[in-house]
Amino acid sequence: MRLGLALGYWGRGPDPAHLELARRAEELGYASVWTAEAWGSDAFTPLTWIAAHTSRIRLGTGIAQMAARTPTATAMHALTLDHLSGGRMMLGLGLSGPQVVEGWYGRPFPGSPLTATREYVDVIRQVLRREAPVELAGRFHSHPYDGPDATGLGKPLKPITHPLRSRLPVLLGAEGPKNIAQTTRIADGWLPLYWSPMRTDVYAASLTGLPDGFMIAPMARARVCDDVAEGLLPVKAMLGFYIGGMGHAARNFHADLMARMGFEEEARRIQRLFLEGRKEEAVLAVPDAFADEISLVGPRERIAERLELWRKGPVTDLLVTAPDPHTLRVLAELN
């Protein structure tokens, strides 16, 4: 099981510790570093900055949002950064949800998310192969565009720049069972939002017949500390926000996922409290058991024991959100 460093996205501004953490992770032998985006900082620019200050560690977007860019624009970002980094780029993508897609990007959320995802990946694959001009008679991503307001002058094109690698890895941040199953067929890896090594059966039906080399790379908060309850507070804060605030009351993919993992009553309570404006109560309502299962928190010995559970399953890459160099070092030593 390889280790990766997940830096996430910025808050009010750039985190001055991120670059040093990435360089430290490279020194410790971490295989990859990942950046993200929500509705603030983008995923590609910080990753390019990290690429310029490192030499070996692989670079992943975990995740870049599909609604933010056309598939050809995303492919251009990926092939450009792959060249500049010497072939270290991994493209992690996610569809997000209606609240973000329509509220932030001003685009309609696709009525068929699986079809939209499949077409998006298809176009990116065509760009990276550069075998012929990009053409797709799609429902969401037609190339050339042929909608009712089209001029009819669109011409199939292929990239001017020759991609460094035609098989640049594409990973998807899928959550629903059908989306996960599709991911195993069209992508090179899967980026689970929540993974419990104690509940791998939740995903078993979607992960049958995995192709060779398929990556399963969940993210987990990690912190070496004496007080487990205190160490879980940032995990609970994150869960409270995602379960309660990252989606509409009637359509929240994160809350649905927590429910499928055996915490349905708790997920709905968190959602209700958050939507009522009782955010602190929502965070406190996150069960310690759930937060603990999906993270690595506590003294070194406890983390060592729990790390064994992660190794026994199908996880190939553990992407840790670690707040300090000490935790990074301890995980590297234990792995």
Side-chain angles (χ1 to χ4, degrees), residues 4 6-11 14-15 18 32-50 59-82 89-125 127-128 138-141 168-176 178-180 182-183 186-194 215 217-219 238 241-243 245-248 251-257 319 321:
L7 294 173
Y9 44 78
W10 296 352
D15 189 327
H18 277 183
S32 57
V33 59
W34 301 74
T35 56
E37 59 189 13
W39 48 90
S41 60
D42 77 282
F44 290 98
T45 309
L47 203 61
T48 304
W49 184 251
I50 291 168
L59 311 156
T61 53
I63 58 173
Q65 296 182 333
M66 296 184 204
R69 307 161 190 88
T70 64
T72 47
T74 297
M76 289 166 63
H77 276 297
L79 73 85
T80 301
L81 185 47
D82 202 41
M89 177 66 193
M90 294 180 289
L91 181 60
L93 298 169
L95 197 59
S96 193
Q99 189 178 49
V100 175
V101 173
E102 297 183 359
W104 179 247
Y105 293 113
R107 298 170 57 83
F109 188 77
S112 178
L114 269 71
T115 301
T117 299
R118 188 166 58 249
E119 291 180 5
Y120 201 99
V121 173
D122 185 348
V123 171
I124 288 173
R125 297 286 201 200
V127 173
L128 295 175
R139 176 178 171 187
F140 300 99
H141 299 291
L168 185 153
V170 176
L171 299 90
L172 296 176
E175 291 185 44
K178 292 181 180 179
N179 205 349
I180 296 169
Q182 174 176 268
T183 296
I186 68 172
D188 302 297
W190 173 42
L191 295 163
L193 179 61
Y194 309 134
M215 293 175 63
M219 298 183 187
M238 175 273 294
F241 176 59
Y242 272 70
I243 302 301
M246 279 279 209
H248 189 268
R251 195 169 190 184
N252 184 315
F253 300 134
H254 309 315
D256 293 344
L257 174 56
L319 312 183
T321 303

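Positions are given from 1 along the sequence. These numbers come from the heavy atoms of this one structure, side chains and all, not from hydrogens, waters or symmetry mates.
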Inset, instruction - Working to the nearest 0.5 Å, report the span between CG of Leu168 and CG of Leu128. - result: 5.5 Å
Inset, instruction - Starting at CD of Glu175, measure out to OH of Tyr194 and round the result to the nearest 0.5 Å. - result: 7.0 Å
Legend entry - Parallel, tilted or perpendicular: ring planes of Phe44 versus His77, cut at 30 and 60 degrees: parallel
Inset, instruction - Quick one: closest heavy-atom pair of Pro110 and Phe140, and the distance? - result: CB-CE2, 3.6 Å
Legend entry - Candidate list Asp122, Leu95, Thr183, Leu93, test side chain to side chain contact (heavy atoms under 4.5 Å, CB included), partner Thr117, passing option: Leu95
Legend entry - Student check: side-chain heavy atoms of Ser32 and Leu319 closer than 4.5 Å: yes
Inset, instruction - Nearest 0.5 Å please: distance from the CH2 atom of Trp190 over to the CD1 atom of Ile180. - result: 4.0 Å
Inset, instruction - Specify the closest pair of heavy atoms between Phe109 and Pro98, including all atoms of both residues, with the distance to one decimal. - result: CD1-N, 3.6 Å
Legend entry - Between CD1 on residue Ile186 and CG on residue Asn179, distance to nearest 0.5 Å: 7.5 Å
Legend entry - Student check: side-chain heavy atoms of Arg69 and Asp42 closer than 4.5 Å: yes
Inset, instruction - Measure the OG1-OH distance between Thr72 and Tyr120 for me, rounded to the nearest 0.5 Å. - result: 8.0 Å
Inset, instruction - Indicate yes or no: at least one non-hydrogen side-chain atom of Thr35 is less than 4.5 angstrom from one of Trp49. - result: no
Legend entry - Polar side-chain atom of Asp188 near backbone of Leu171 as donor-acceptor pair, under 3.5 Å: no
Legend entry - Sub-4.5 Å side-chain heavy-atom contact between Met89 and Thr61: yes
Legend entry - Met76 atom CE: more than 12 heavy-atom contacts under 6.0 Å: no
Inset, instruction - Give a yes or no on whether the backbone of Gln65 and the side-chain of Glu37 come within a donor-acceptor separation of less than 3.5 Å. - result: yes
Inset, instruction - Check for a donor-acceptor pair, side chain of Glu119 on one end and backbone N or O of Gly138 on the other, with a separation under 3.5 Å. - result: no
Inset, instruction - Determine whether Ile50 and Leu59 make a side-chain contact, defined as any pair of heavy atoms from C-beta on separated by less than 4.5 Å. - result: yes
Inset, instruction - Measure the shortest side-chain to side-chain distance between Met66 and Leu172 over non-hydrogen atoms and say whether it is less than 4.5 angstrom. - result: yes
Legend entry - Heavy-atom closest contact (Ala217 atom, Leu191 atom, distance): O-CD2, 3.5 Å
Legend entry - Side chains of Tyr105 and Ser96, donor plus acceptor under 3.5 Å: no
Legend entry - Under 3.5 Å: donor-acceptor pair, side chain of Ser41, backbone of Trp10: yes
Inset, instruction - Heavy atoms only: give me the nearest Ile63-Ala43 pair and the separation to one decimal. - result: O-CB, 4.3 Å
Inset, instruction - Flag yes if more than 12 heavy atoms outside Arg139 fall under 6.0 Å of its CZ atom; otherwise flag no. - result: yes
